[in-house]
Amino acid sequence: MSDIGPGDEELIRVASLARQRAYAPYSKYRVGAAIRTKRNKVHSGANVENASYGLTVCAERTAAFAAVNAGDTALDAIAIVIDDERLPTPCGACRQVLAEFSPDMRVILATTGGKRKVTTLGELLPDPFLPENLRR
Ligand code: THU
């Protein structure tokens, strides 16, 4: 855990805006995410649910795929925002997807009510399966 740093509140603001575009008619659990890349670009996303529930994609992956699709694979930080008493916590699948690109990125967890926690992906997902594991 570390402190909120310069730029973190701005990233949270972008994630909150993305959250407004969440498509979550089933769970009503609306999540926004914003990723700052090492090139200092910001890409955001929200969760997108489906009537076939298992096809739902989380906000974190939507944001990560937006970054990758913009050619930006070096990820520096992600802010994740929900409107709840509890802080968000990214699911295991999203941790693994983010680790593919930046296993030690900064992770900023936030609520619309002002709660904050800063951690790292390395703390959330120690020993991820990485591209080098496929090298022989
Ligand atoms: N969800 C996210 O977008 N991110 C998370 O970290 C956890 C879960 C979404 C998926 C689904 O639309 C809803 O939240 C409830 O699981």
Side-chain angles (χ1 to χ4, degrees):
M1 230 218 296
S2 69
D3 290 334
I4 283 278
D8 289 351
E9 287 297 335
E10 173 61 16
L11 205 57
I12 291 169
R13 202 181 63 79
V14 177
S16 303
L17 286 174
R19 187 182 159 276
Q20 293 174 8
R21 297 188 291 270
Y23 179 76
Y26 308 107
S27 74
K28 317 261 192 254
Y29 188 82
R30 300 160 67 81
V31 187
I35 291 176
R36 191 187 330 107
T37 68
K38 303 260 189 218
R39 294 196 302 183
N40 218 23
K41 299 273 180 251
V42 174
H43 306 274
S44 63
N47 51 329
V48 180
E49 299 187 344
N50 193 275
S52 176
Y53 298 164
L55 301 183
T56 292
V57 181
C58 296
E60 295 90 329
R61 269 176 290 159
T62 306
F65 295 154
V68 173
N69 274 282
D72 245 352
T73 53
L75 314 181
D76 187 43
I78 184 169
I80 306 162
V81 178
I82 58 170
D83 179 27
D84 197 83
E85 287 303 305
R86 274 166 300 200
L87 284 162
T89 182
C91 79
C94 288
R95 294 177 194 202
Q96 173 64 29
V97 167
L98 292 168
E100 172 82 11
F101 303 104
S102 303
D104 254 323
M105 70 190 295
R106 192 174 166 81
V107 179
I108 304 147
L109 307 169
T111 69
T112 53
K115 281 191 185 154
R116 307 283 184 259
K117 180 180 170 187
V118 181
T119 184
T120 63
L121 193 55
E123 249 173 72
L124 294 176
L125 184 66
D127 202 17
F129 186 74
L130 293 177
E132 56 251 37
N133 291 102
L134 292 173
R135 249 182 251 133
R136 53 190 120 181

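Whatever order the structure lists them in is the order used to number ligands and atoms, beginning at 1. Here, residue 1 is the first one in the sequence, and each next residue gets the next number.
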**Message:** Quick test of your reading of the model: are E9 and R116 salt-bridged, counting only N-O distances below 4.0 Å?
**Reply:**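 Yes.
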
Show the atom names and distances, to 0.1 Å, of all donor-acceptor pairs under 3.5 Å that link a side chain in residues 117-133 to residues at least two apart or in another chain.
unit_1: T119; atom_1: OG1; unit_2: E123; atom_2: OE1; d: 3.0
unit_1: T120; atom_1: OG1; unit_2: E123; atom_2: N; d: 3.2
unit_1: E123; atom_1: OE1; unit_2: M1; atom_2: N; d: 3.3
unit_1: E123; atom_1: OE2; unit_2: M1; atom_2: N; d: 3.2
unit_1: N133; atom_1: OD1; unit_2: L130; atom_2: N; d: 2.7

**Prompt:** Other hydrophobic cluster members with L17, side-chain heavy atoms of Ile/Leu/Val/Met/Phe/Trp/Tyr under 4.5 Å, chained?
**Reply:** none

**Asked** To which residues is V97 joined in a hydrophobic cluster, defined by side-chain heavy-atom contacts under 4.5 Å among Ile, Leu, Val, Met, Phe, Trp and Tyr, whether direct or through other members?
**Response**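 F65, all in the cluster of V97.
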
**Request:** Mind jotting down which protein residues get a heavy-atom contact under 4.0 Å with ligand 1? Chain and number order, please.
**Result:**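 Ligand 1 is contacted, at a heavy-atom distance under 4.0 Å, by S27, Y29, V31, N47, E49, T56, C58, A59, E60, T89, P90, C91.
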
**Complete:** Which of D72, D76, D104 passes salt bridge (Lys or Arg N to Asp or Glu O under 4.0 Å) with K38? Answer is D76

**Item:** Between OG1 on residue T112 and CD1 on residue I82, distance to nearest 0.5 Å
**Value:**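 With rounding to 0.5 Å, OG1 (T112) is 8.0 Å from CD1 (I82).
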
